[in-house]
Amino acid sequence: MMTANLLTGSFILVSGIALLIFLFVKLIPKTKHDTDTATLLTVFVVIAVFLVGMGGWVSLMGLGHFSSAMGCWL
């Protein structure tokens, strides 16, 4: 049975990875790279990277030994 943090973090992590794959495989190669599009794609990539980082962090906090060891920090 997965804990709530581990399940939530896994979903966030998978959504960030899926967004990165979609951006690099489908969206970026097929777009014209003017200034507005490049800025918007950069924002989407930054959001996807933050989703992967946040999902990894929440998943890691869902593990029992790490959350108890880091409990004093939060």
Side-chain angles (χ1 to χ4, degrees):
M1 185 79 157
M2 296 177 78
T3 63
N5 285 347
L6 190 59
L7 184 64
T8 305
S10 299
F11 284 145
I12 294 171
L13 183 69
V14 167
S15 67
I17 291 171
L19 181 59
L20 278 174
I21 290 171
F22 173 72
L23 285 172
F24 286 117
V25 172
K26 291 283 189 179
L27 198 59
I28 291 176
K30 294 183 181 181
T31 56
K32 296 181 292 184
H33 292 287
D34 57 347
T35 306
D36 294 336
T37 306
T39 304
L40 190 60
L41 288 174
T42 303
V43 168
F44 283 149
V45 168
V46 168
I47 289 171
V49 168
F50 279 131
L51 279 174
V52 169
M54 185 175 65
W57 176 255
V58 172
S59 294
L60 199 59
M61 292 303 290
L63 298 175
H65 61 87
F66 189 75
S67 62
S68 63
M70 294 294 289
C72 62
W73 290 67
L74 299 175

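Only this structure's heavy atoms are used, side chains among them; waters, hydrogens and symmetry mates stay out. Model, not experiment: these values are computed from the prediction. For reference, positions follow the sequence shown, starting with 1.
- One distance of note links CG of L7 with CD1 of I12; it measures 10.0 Å at 0.5 Å rounding.
- Shown here for L20 and V52, the closest heavy-atom pair between the two residues is CD1-CG2, 4.1 Å.
- Hydrophobic cluster membership differs between V14 and M54, with clusters built from Ile, Leu, Val, Met, Phe, Trp and Tyr side chains linked at under 4.5 angstrom.
- With rounding to the nearest 0.5 Å, the separation of CZ in F11 from CG in L51 is 14.5 Å.
- V43 is connected to V49 through a chain of hydrophobic side-chain contacts under 4.5 Å among Ile, Leu, Val, Met, Phe, Trp and Tyr, so both are in one cluster.
- Taking CG of L19 as the reference point, atom CD1 of I47 lies at 8.0 Å (rounded to 0.5 Å).
- What you find for G9 and S59 is that their closest heavy atoms are C-OG, 3.0 Å.
- At a threshold of 4.5 Å between side-chain heavy atoms, the hydrophobic network of Ile, Leu, Val, Met, Phe, Trp and Tyr places W57 and F50 in two separate groups.
- A side chain to side chain contact (heavy atoms under 4.5 Å, CB included) with V25 is found for exactly one of I21, L27, I28, namely I21.
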